[in-house]
Structure formats: structure tokens, C-alpha cells
Amino acid sequence: MGSSQREVQQRQKAKASRDDVVVVGVIPEDARLEFVRLCCAEKNTAKSNFFGKEKEEEANHTKKKKKKKTWIPYGTAGFRCDETAMDPIAFRCGFIAACVAAFSSKSSRKRTRASGVVVTASHNHAKDNGVKLVDGEGNVLGERYEGACEALCNATTAKELHDALDAFEEAIVEDQGNNVAEVKEEEEERTTTTTTTTNDDSGIVVAPVVYFGRDARESGARLVEKAKEGAKVLGNNRVEIRDRGVVTTPMLHYFVYAHGKAVEEFFAKEEGKEEDKCVRTEMLRKKIDVATHEAAYFERAAVGYLSLIEEDEEEKSADGNANTTLNNIRKNVVEGLRSNATGLPPLHIDCANGVGFVAFEKLLAVFDAIREKSGDKRSEQIELVLKNGPKDGPVNLNCGSDFVQKNQRAPDTATCSRQSFVNQRCASVDGDCDRLVYFSIEEEEEEENSSKKNFLLCDGDKLSILLAFFLIEQIFLAGLAHKISLGIAHTAYSNGAFTKFCEKNGVETVCAKTGVKNVHKAAEENFDIGVYFESNGHGTALFSKKTVEMIEKELVDELTRMSLEQERNRRNASSSSKSLQSVILTTKLKALLTLKATIQTINPAIGDAISSVLLIEGILRIKGNMPFAEWHAMYRDLPTKQTKVKVKDRTVIECFDSERKCSKPEGLQKRIDEILSSSVSSSTDSSKRAFVRPSGTEDIVRVYVEASDAETCEKICTKVEEAVVEFCSF
Ligand code: 16G
Ligand code: MG
């Protein structure tokens, strides 16, 4: 008996002796064993790289310590570490993604399943790299997988690998609901036929797909190959691999989302119903190819933007005939919404020396193509000046949204000096283009001819405000305010002035833990339209399915009513009451069209800096070319201070209340409360706030403080840092 067979028997025996075990064999045994074998083989060769330096350095330490040092956690957004340590993790994540694509579906057999792997370390240093995993819906892979993924990627023995795979299978089964039998049946069909694909109820042959993509880091190509190797272990007959090369993280999420949508639509509409199953299979494949092509992503966003800023020609000509009362109504209601969409100065985008540059270039090419093809002048109404591309220097070095937001200063790189941003309208994205902040820097001449630079930031909070207020207005004008709930989800890092402003204006807010997955969930669960942005610029607006359907239905109804109304008006053009009715209808229709265009511009899968730029640019134009300063001045941020504290073990800190308070180590929260109410700061300053949390991406504790003046912030921060050191050093 071979050692692997023995292993299987031992595992099965162990499982049989446990009463609670319900999961056996979601992952086919051949693939499981091959995966474990390859992981162990890699450990013995490439692992010198994996555990590399630390292993040597730690040679004299205890075994426990050694393990701790090399353990790579599943962080806030997947794995991230020095790129030289990423190979085994990329390999294992490839296998994980393949299993998610092939087995995690909630067992709708009419669905070709997909998943995704993005090799990126986002805003982190160029020498780092990482993996973000995408689930079948195009969302961040669910939290239920995190523990198993972490164990799987850190396992060093066959036993540890098998245990982690068992836990992983349990998470898959949870995802499948109670349809394990059905999935197993599919698996049998698949392995007993020689096709490379899966049969569904109607006999259509479909294949689970893993989409791969990477940011512009040098190590990306190597790590994607590793991840693909991992996926291939599941077997060519079980999963198809599609490598999308250098793409932004949100693009990869979109491909997975669009894949699922294409399949769903194909079956819902019973496309090619009359054809035989081979023809239908080919039709489905083509449909998926088109929907998940890069061009589809850019065209969707570009067309969405153009519809958003659309000018209503009919409205202009109607104006001439309208009486004064009508003109006034239009002025108040309509002009506030739409303006001649020219006149905003160009937007200078700092692309963090990363993939965003490449993606924005492609977007601009789509606008050019639209203009050339149809002569559509609207596509001139976006002017982006792209700065800091991948050839300009190491990703995120002195540039990118993280640099801009954390340091409150403009980028400064070899190719784009700080000066090149002065007196421009500017924005900045991060290394994988899922964060966005706007900023401006003005140079003021001072008396003695020296210059002072004024830096103003519109961070995630201000993006939320602009977007939420715009949507509230549109919902109101569309007559849907009583049917749709809209609110903002944010994190503890949102400025106190932001929450106060929302409260004052009656906008509901909900605070969630740091991390896109948490804020996304809070927005989704609490509102029909949930706007969310972390202060660092991650975010979007989520429209529930019900809301999208409602808007679409209202639009159809409204168009029907409009055409009837126009017909009546034509018959009796002099009736002012009918004209008034017509204007109100126009306003409603416009709002509905605007909402529809907004939905199209947004990446439905995840927050996306490209669609956010288009959306914000569209809104600013609709708002009469709102100047940056006006947007920035909607409310004034309280001074804040953020620092990092290095401690022995950051995980001793445990938080609650969306990370605004900590329960462990005992006494720390009490000390923070004392600092806040002590003489360090004025007792009348009700805006004082401070919290600490262990970072999910770095081995440090983060400290956040805000108060009504910068000096108080500094003082409180120093005291809180001291408290962290004191309470965490045991
Ligand atoms: C990751 C998260 C981001 C979060 C940040 C917090 C995603 C895609 N990214 O970048 O949302 O704000 O981590 O980092 O989820 P921290 O835990 O180190 O403070
Ligand atoms: Mg990012």
C-alpha cells in the first residue's frame, strides 16, 4: 500500500470516529492527494525561499517561535507579504480558487461557476505581493473561508494540509447549502464523460472558470503562473483557466461577476431554446466571452458616464415655449440637476506608478473610439491627464492614494514633481486601482515671494457625501423617496465632522469594522441603496436587486406616461396646466434616467476607482461644474492623527463596537477613556475621540485620534501610544 493510500484510509478512519463530521470528499481524492504531494514537494525545495531568511535567523529559537515568525495571516484582504515568500501561497490560492469555482456554487445547476485570483499587494511596497480571492458572485471571498485558507497556506506537513482541506471542504459545503448530493452527482457526470465540461439540467455543457489577473508589479507574472499551476491540480476536466494579464483588482472582480450574469441571463431568457445542446453550448460560451471581455468592462462604464451627462435636446427646445412660471420651476428643479456639461478643468490622476495608468489609458481609448465612430461630442467632456504609470518608478513610491491620504500631501516622483499638481484638479488611486481620493494643492504667493502650499483632501468620507446626497436628490425627484432607503456605511476612521454632517442632514449612517468586506456587507444589509467608502477611498454605491428593478419599471411606466402626455400636449399646446404636468414628468424621467446611468457607471461587483472617477466627474458636471473647493467645503474635517505602534503581539488587542473600543487587554480602554477626559485636553472638547486596533495588513497596532485642534490630537496620541506599549508588553 502506497503512503498516500494509507493517508486516505487513516483520514477516513479518523473522520468516521467523529460524530459531527458530515463532509467527505467534496474535493476529489485524486486532486486532493496530488495537491498535498505537490505542496510537500515544494516545501522541500522552494520552501527555503518560503521560510527563507527568517528560518536561518531563527535557527536558535524555539520551534514555537519559529512557526509564529513565518506564519502568514489571511489579512484584511487576503494574503500579503514579501514577494519572495509568495510562491507557495500563490500555488495554494490557485487550488483554493479552482475548488471555489468548481464546487462552491449554491448548486444552481444552470450556472457556470467562476472565481478569481488577483495577484496584488495593492497600496503596499513594490517588494511585496499578495493574493486577493474572488467568489462566484464577483465579491471578496467570504469570511467563512478565511480560517481554512490561512491554515492551508501555512500548513507544513501532509497532516496539516489534510486537516486544512477538511476545514475548507466544510466551508464549501456551507456555501453549497444542502445540495451536496446534487453537486456530487454533477461531479460524477463530469468525471465519467470525456468532455471537459459540466452538464446542467437542459443538457447545456458549461465549465467552471478561474479568472486570473495581476497588478503591474514585476513579481506578478511569476506568481500568476504559480497560482495557475495550483488551479490545474484540480484537473483540466474540472476547471478552465482564463488569464487576463495586467488588470486592476476591480476589473477582475467584474469579469467573475459578468460571467455569472451572462449564464444567469442565458438560461433565464432561454436563449437558443430551439437549438440543439451543442449549438446552445457554443452560444453560451460566446456570450460569456463577450461579457467578460475587457472591452465590455470599459464600454459599460464609458457609456454609463455618457448617459449620466446626457443633455436633453428636447428640453432645450421646449424651454422656448414655456411660460415664466414654468421657467422658474425648471430653474429650481432642473437646473440644479443638469448643466451644460463642459467647463470643468482636466483631472490630473496620479496612478501610483501602477496598473491604474494602463486601465485609464484603455478607458480613454474607448471614449476616443466612441467619438470617432459616432461623432459623439459628449466623450470630449472628460479630460483626464494620466500621471505616474508603471514605467515611471516603483509602485506606490511617493505616490498613490495611500501616500496622499496618509501624508496629506501631493505625490512627488521622479517623473511628476509635486509642483506638477499645483493649481490643478487632482485625484489619486492606489497600486491596484480600487481606492480613490481627490485632492488639490494651491500655491499662494506670500509677501517675501516664498510660496506656501495649501493641501485639500476629499477622502472617502467626502466621496460618500457627494454620492449619497446626489442619489438622495435623484430618488426624491424620481418620486421614489418613500420607497427606497438610502444610507452610508463607513468605518471608525470616518471623521467626526462627517458623521455630524450626515446626522444634521438626516442621512442615516452605520459604522462597520475596517475592510471592504465589512463595509460592503453593512451597506448591503442596511439599505436599499448603500453608499460606502472607507476614508482611504475604497468604496462604491450598492443598489439592491429590488431597487434596480423598481427603477427600471418606473422608467418604463414614466416613458409610457410621457409619450401619452406629449400626444395630449400636441393636441392642446396652449394649456399651461398640462405643460406644468409635462415639466414634472420630465424631471421625474430625467431623475430615473440619471439613476439608471449611475447604476451602469458603477462596477456592480466591488468598489472601483475607475468607475468612481467617472461617477464623481459626472456628478460634479451635473452639479454645474462644482469646483473642488466647494465640494471640499461641504463640511470641515476635525484634525486627526494616525500612528503605528510596534508591539510584541498585536493580537492581544481585541476590539468591539466596530473597532471603536477595545475589550482586551484589560484596562487599556479604561486608560484611553481617562486620557480623553484628562487634563491633556480641554474637557469641553466634545469631539475628542481615540481608538486602537491591531492592523490586518501589518504587524503593528494602529492608533487613531481626533480632536478640535491639532495640538490636542498630538498630545492625546502620544499618551495613547504609551498606553498601548504599556498594556501590550507582557
Ligand atoms: C486592506 C483593505 C482595506 C482596509 C485596509 C486596512 C480591502 C480590499 N482592503 O487594504 O479595506 O482599509 O486593509 O488595513 O479590503 P489595516 O488593517 O492594516 O489598517
Ligand atoms: Mg487597493
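Atoms within a ligand are numbered from 1 in the order they appear, just like the ligands themselves. All residue numbers in this chain count up from 1 along the given sequence. Since we're looking at a predicted model, the values are computed, not measured.
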Q | Steps toward side-chain hydrogen bond (donor to acceptor under 3.5 Å, both in side chains) verdict (D461, S494) | A | CA-CA 6 Å; D461 292 348; S494 281; 2.8 Å; yes
Q) Using the ring of each side chain (for Trp, its six-membered ring), is W631 parallel, tilted or perpendicular to F628, with breaks at 30° and 60°? A) perpendicular
Q) Between S122 and N124, is there a donor-acceptor pair closer than 3.5 Å when you use the side chain of the first and the backbone of the second? A) no
Q) With a cut-off of 2.8 Å, does any N, O or S atom of S122 fall short of it relative to the Mg ion (ligand 2)? A) yes
Q: Give me the ring orientation class for F455 and F439: parallel if the planes are under 30° apart, tilted from 30 to 60°, perpendicular past 60°.
A: parallel
Q: Mind listing the closest non-hydrogen atom pair of T413 and N398 along with its distance?
A: CG2-O, 3.8 Å
(Q) Between the Mg ion (ligand 2) and D434, which N, O or S atom of the residue is the nearest one? (A) OD1
Would you mind writing out a table of all protein N or O atoms found under 3.5 Å from any N or O atom of ligand 1, naming both atoms and giving the distance to 0.1 Å?
| residue | atom | partner | partner atom | Å |
| --- | --- | --- | --- | --- |
| ligand 1 | 10 (O) | R435 | NH2 | 3.3 |
| ligand 1 | 11 (O) | V516 | N | 3.2 |
| ligand 1 | 11 (O) | E534 | OE1 | 2.3 |
| ligand 1 | 11 (O) | H538 | ND1 | 3.2 |
| ligand 1 | 12 (O) | E534 | OE1 | 3.0 |
| ligand 1 | 12 (O) | E534 | OE2 | 3.0 |
| ligand 1 | 12 (O) | N536 | ND2 | 2.9 |
| ligand 1 | 15 (O) | V516 | N | 3.2 |
| ligand 1 | 17 (O) | T76 | OG1 | 3.3 |
| ligand 1 | 17 (O) | R693 | NH2 | 2.8 |
| ligand 1 | 17 (O) | G696 | N | 2.6 |
| ligand 1 | 18 (O) | S695 | OG | 2.5 |
| ligand 1 | 18 (O) | T697 | N | 3.3 |
| ligand 1 | 18 (O) | T697 | OG1 | 2.4 |
| ligand 1 | 18 (O) | R702 | NE | 3.3 |
| ligand 1 | 18 (O) | R702 | NH2 | 2.8 |
| ligand 1 | 19 (O) | R693 | NH1 | 2.8 |
| ligand 1 | 19 (O) | R702 | NE | 2.6 |

Q: Inspect the contact between R214 and D243 and indicate whether a charged nitrogen and a carboxylate oxygen are less than 4.0 angstrom apart.
A: no
Q.
For the metal site, I want the angle between atom OD2 of D430 and atom OD1 of D432 with the Mg ion (ligand 2) at the apex, to 10°.
A. 90°
Q: State, with a plain yes or no, whether a side-chain heavy atom of D434 is found less than 4.5 Å away from one of T120.
A: no
